[in-house]
Colleague: 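Have a look at the structure that comes next, please.
Keep in mind that the numbers below use all heavy atoms, side chains included, and drop hydrogens, waters and symmetry copies.
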Amino acid sequence: MLINKRLILAHFWLAFAGFGLALLLGEWQMFIRSPLHAWIGNPELYYRSVTAHGSAMAYVFPTLVAMGFGYAITEAALKRPMIGPRWAWLGFALVAIGTVVAMVPVALGHASVLYTFYPPMIGSPFYYIGVVIVVIGSWIWVALMSVNLYAWKRDNPGQPVPLAMFSNVAGSYLWAWTAVGAAIELIFLILPAALGFTTTIDAGLSRVFFSWTLHAIVYFWLFPTYIAYYTIVPRAIGGRLYSDAMGRLAFILFLIVSMPIGVHHLFMDPEVGSGFKFMHSVFTAFVALPTLLTVFTICASVEIAARLRGGKGALGWITALPWRNPIMLATAFSFIMLGFGGAGGLINMSYQLDSTIHNTQWITGHFHLIFGGAIVIMYFAIAYDLWPHLTGRALASFGLMRLQLATWFVGMMVLTFPWHWVGILGMPRRMAFYDYTDPALAAQAASVIASVIGGAILVISGALFIIVLIRGQLAPRVDAGPYRFSVAVHEPRRVPAALNGFPLWLALMIGLTVVNYGFPIANLAALSNTAVPIVPVGTGR
Amino acid sequence: MTGDPPPSSPHDPGAEHALRIERRWASVAVLIVIFLIVMAAVAGVHQATMPQLKLELVDPRTLHVSGEFIESNLGTAVEPDGSVTVRAIGQQYSFVPQCIVVPTDTVVHFRATSGDVVHGFLIDGTNLNTMLIPGFISTATARFSTPIESHMPCHEYCGVGHEGMWGKVKVIDKAAFEKLAADRRRLTCVD
């Protein structure tokens, strides 16, 4: 039962429009710095583009997908109209306005500081204000998810919260808390400097606050994908979810261990001591746990579907899977990319291995494979699955969908594998130009060209995606029926209170963050002489 | 897209069996994670590739007028215990010194900081990799076994000239280095 279809569609369309534009920028960047293009002349254009690409892909696109999907889950899983659609429209408007406020100064070259901000460089205040407005808009969504969950629980005492809604609300809480790190950095450190109230900033402290957001935001991006694994995939391929409880456990684990690990982004930084670096390294290893549990549960669920379709043998059942079903295909591609990307992540997790590849192109390759690959391909699957229910029109171009998913997978592999490789060779990230005539760099040229080709394949795939969605909006009307989520093999009749609510887990989430971040932050904040002069960035400033 | 198969009742032998398999897998997953943590800890202790222990502050506004990062003190210095110390600064858009020279088979202590924004410090072909954050001193220790000549790019975005910020590191034979060091207090390979 989807009532607020226009609301959800608006979120998805704005998300995918921003994604399409940012995708073009990304490929342009790949090309500009490759051996196929000469010196750009004005390198500032390149960094401007990197800022826009990163801000759109990290702050706007996944946030809107999570919000739109969250509203759809609220109505479809709780089977009743959502509370607060007007507030939801306000949240959407804030995200849209914030995006414009942030992107105008970026486009004008007044805020080429990259989406990671990098103080003491300071750009136009409007860029940071825009990002804050986007975050405030998303916090309205967080509040709405909470309100809807608790209203439903009040009306259905003792009933298990549907897994889709449970995980959706977990994702919203994760985002609410992880955004706090960057919000503190923006509001208390960067904006006073950008607005001219102060001329110095504590660069080390800013980085610690940002790291609080920078890693867990990845799990916020990942939540819609994991929700799709658990609650869409088994149903879409005609199977059942192996375990409802394991799903709850995985989402709870993400909630509590994705924040106190962000310092692994600061392994090579001088402002955090070695003890807390080790602590965060250990917790980063723990965050692999919910993913390992998910891999098991989803593979088991997929096997159930295969055996119901007559699949036989220890591995022979794989051939019995509905491979022509786009959701099946997307899930398989996503798992392969998650496997490679996850292995890379385990390398980044240890200080010793990270010291070889920190801030090289390996890192860019890593998060494009995980986010752009494993996560975003499931955003496509979510859109394909929801579209007929949102538009009331058939989404019939299955061949085109398969082609789109396959090109996205191939493009992402061709883009990111050479990217990892040149990182190992020592190529630093984010440079507008590399001198490939230098004998030490010449060996990297072929790999960089391969990445440009991978990027071009991704642009084609992105265009196909938009075409499929537009064709879906123009197709004949059909009744798609009620939107349903996967059913577990053993549907929960009663769920222990701990697996049906959040108070305990929120306390643990906040507690662990305070334990792992409290000392590094207090230690730096207590130092009186760490503020350094700001360095203004931007043309004409 | 497809209908669900009929549900089975809870608490049947199948549910118990499923739970057992699930627990077994969860235990395997926990063991994998513990193995990774132990491996990282052991590698850290035995290979001595460890993050810097001490937090050291420095004021970027006075780098050039006082303290260890004044210009005449930058470069490679020979210590009484036979090790060498390299002091360097990253600034928009170059390193000082632009070319660092160090001997083979010698303990090399790097001490570096930034004069303005955040920079990166990476010696290609090695795992020497650190951030230069204004306000803090980054330290690292290394030992080079063979003579090499490596690029030392800034690996963190530091402004519009970032792509041009490449230094150089020359590791030269220990005897040759000692000859050079005989008549100079601080060494660089800047031409």
Colleague: Identify which of B:Ala26, B:Gly135, B:Pro134, B:Gly120 forms the greatest number of heavy-atom pairs closer than 4.5 Å to chain A.
Modeller: B:Pro134
Colleague: For A:Asp438, which atoms come within 4.5 Å of any heavy atom of chain B: side chain, backbone, both, or neither?
Modeller: side chain
Colleague: Nearest 0.5 angstrom please: A:Trp39 CH2 to B:Glu163 CD, how far?
Modeller: 4.0 Å
Colleague: side-chain contact (heavy atoms from CB on, under 4.5 Å), that's the test. Do B:Arg61 and A:Thr200 meet it? Break it down for me.
Modeller: CA-CA 11 Å; B:Arg61 279 163 292 203; A:Thr200 61; 3.8 Å; yes
Colleague: Using non-hydrogen atoms only, which part of A:Val113 is less than 4.5 Å away from chain B: side chain, backbone, both, or neither?
Modeller: backbone
Colleague: To the nearest 0.5 Å, tell me how far B:Ile21 CD1 sits from A:Ser243 OG.
Modeller: 11.5 Å
Colleague: Identify which of B:Ile133, B:Leu128, B:Ile37 forms the greatest number of heavy-atom pairs closer than 4.5 Å to chain A.
Modeller: B:Ile133
Colleague: With side chains defined as the heavy atoms from C-beta onward, is the minimum distance between B:Val118 and A:Pro119 less than 4.5 Å?
Modeller: no
Colleague: About how many Å separate CD1 of B:Ile34 and CZ of A:Phe286, when rounded to the nearest 0.5 Å?
Modeller: 6.5 Å
Colleague: Before you tell me yes or no, could you show the steps for A:Gln352 and B:Met50 under side-chain contact (heavy atoms from CB on, under 4.5 Å), namely the whole-Å CA-CA distance, both residues' side-chain angles and the distance that decides it to 0.1 Å?
Modeller: CA-CA 7 Å; A:Gln352 290 75 26; B:Met50 293 291 268; 4.1 Å; yes
Colleague: Can you tell if the side chain of B:Trp166 reaches within under 4.5 Å of the side chain of A:Pro428, non-hydrogen atoms only?
Modeller: yes
Colleague: At a 4.5 Å cut-off on heavy atoms, which part of B:Gln92 comes close to chain A: side chain, backbone, both, or neither?
Modeller: side chain
Colleague: So which of A:Arg33, A:Met121, A:Lys277, A:Met427 has the biggest tally of heavy-atom pairs under 4.5 Å with chain B?
Modeller: A:Met121
Colleague: For B:His162, which atoms come within 4.5 Å of any heavy atom of chain A: side chain, backbone, both, or neither?
Modeller: both
Colleague: In terms of heavy-atom contacts, does CZ of B:Arg184 have more than 12 from other residues, nucleotides or ligands at under 6.0 Å?
Modeller: yes
Colleague: What is the distance from atom CD1 of B:Ile32 to atom CG of A:Leu292, rounded to the nearest 0.5 Å?
Modeller: 5.0 Å
Colleague: Under a 4.5 Å heavy-atom cutoff, which of A:Ile424, A:Leu425, A:Val282 has the most pairs with chain B?
Modeller: A:Val282
Colleague: For chain B, which candidate among A:Leu293, A:Leu441, A:Leu114 shows the most heavy-atom pairs at distances under 4.5 Å?
Modeller: A:Leu114
Colleague: Name the region of A:Leu45, side chain, backbone, both or neither, that has any atom closer than 4.5 Å to a heavy atom of chain B.
Modeller: neither
Colleague: Tell me, do A:His358 and B:Met131 make a side-chain contact under 4.5 Å, heavy atoms counted?
Modeller: yes
Colleague: Report yes or no: does A:Thr356 contribute a side-chain atom to a donor-acceptor pair with the main-chain N or O of B:Asn127 at less than 3.5 Å?
Modeller: no
Colleague: Side chain, backbone, both or neither: which part of B:Val30 has a non-hydrogen atom closer than 4.5 Å to chain A?
Modeller: both
Colleague: Do you know which of A:Ser350, A:Gly426, A:Ala440, A:Ser355 has the most heavy-atom pairs with chain B at a distance under 4.5 angstrom?
Modeller: A:Ser355
Colleague: Minimum heavy-atom separation for B:Val33 and A:Ala288, please, with both atom names.
Modeller: CG2-CB, 4.4 Å
Colleague: Using every non-hydrogen atom in the two residues, find where A:Met431 and B:Pro153 come nearest and quote the distance to one decimal.
Modeller: CE-CB, 4.4 Å
Colleague: Heavy-atom cut-off 4.5 Å, strictly under: side chain, backbone, both or neither for A:Arg207 against chain B?
Modeller: side chain
Colleague: Does A:Arg324 have more than 12 heavy atoms from other residues, nucleotides or ligands lying within 6.0 Å of its CZ?
Modeller: no
Colleague: Checking A:Leu527 against chain B: side chain, backbone, both or neither under 4.5 Å from a heavy atom?
Modeller: side chain
Colleague: What part of A:Ala531 gets within 4.5 angstrom of chain B, counting heavy atoms only: side chain, backbone, both, or neither?
Modeller: backbone
Colleague: Report which part of A:Leu524 has an atom under 4.5 Å of a heavy atom belonging to chain B: side chain, backbone, both, or neither.
Modeller: side chain
Colleague: Calculate, to the nearest 0.5 Å, the distance between atoms OG and CD belonging to B:Ser138 and A:Glu271 respectively.
Modeller: 8.5 Å
Colleague: At a heavy-atom separation under 4.5 Å, does A:Asp435 approach chain B through its side chain, its backbone, both, or neither?
Modeller: neither
Colleague: For a quick test of reading the model, state the closest non-hydrogen atom pair linking B:Val160 to A:Glu44 and the distance between them.
Modeller: CG1-CG, 3.2 Å
Colleague: With a sphere of 6.0 Å drawn around CD of B:Glu71, does it hold more than 12 non-hydrogen atoms of other residues, nucleotides or ligands?
Modeller: no
Colleague: In terms of heavy-atom pairs under 4.5 Å, which option from B:Ser114, B:Ala140, B:Cys158 contacts chain A the most?
Modeller: B:Cys158
Colleague: Counting only non-hydrogen atoms closer than 4.5 Å, does B:Pro60 touch chain A with its backbone (N, CA, C, O), its side chain (CB onward), both, or neither?
Modeller: side chain
Colleague: Hey, does the side chain of A:Tyr118 reach the backbone of B:Val117 with a donor-acceptor pair shorter than 3.5 angstrom?
Modeller: no
Colleague: Please flag which part of A:Leu266 lies under 4.5 Å from any non-hydrogen atom of chain B: side chain, backbone, both or neither.
Modeller: neither
Colleague: Classify the ring geometry between A:Tyr47 and B:Tyr157 as parallel (under 30°), tilted (30 to 60°) or perpendicular (over 60°).
Modeller: tilted
Colleague: Side chains of A:Asn529 and B:Asp59: closer than 4.5 Å at any heavy-atom pair?
Modeller: no
Colleague: Non-hydrogen atoms of chain A under 4.5 Å away: do they reach the side chain of B:Leu57, the backbone, both or neither?
Modeller: side chain
Colleague: Between A:Arg429 and B:Glu156 (salt bridge meaning N to carboxylate O under 4.0 Å), is one present in this structure?
Modeller: no
Colleague: Measuring from atom CE of A:Met246 to atom CG of B:Leu19, what distance do you get when rounded to the nearest 0.5 angstrom?
Modeller: 8.0 Å
Colleague: Please flag which part of B:Ala41 lies under 4.5 Å from any non-hydrogen atom of chain A: side chain, backbone, both or neither.
Modeller: both
Colleague: Given that the side chain runs from C-beta out, which part of A:Tyr46 has a heavy atom under 4.5 Å from chain B: side chain, backbone, both or neither?
Modeller: neither
Colleague: Closest heavy-atom contact between B:Ile137 and A:Pro270?
Modeller: O-CB, 3.5 Å
Colleague: Applying side-chain contact (heavy atoms from CB on, under 4.5 Å), run through B:Leu122 and A:Thr360 and close with a yes or a no.
Modeller: CA-CA 9 Å; B:Leu122 167 72; A:Thr360 65; 4.1 Å; yes
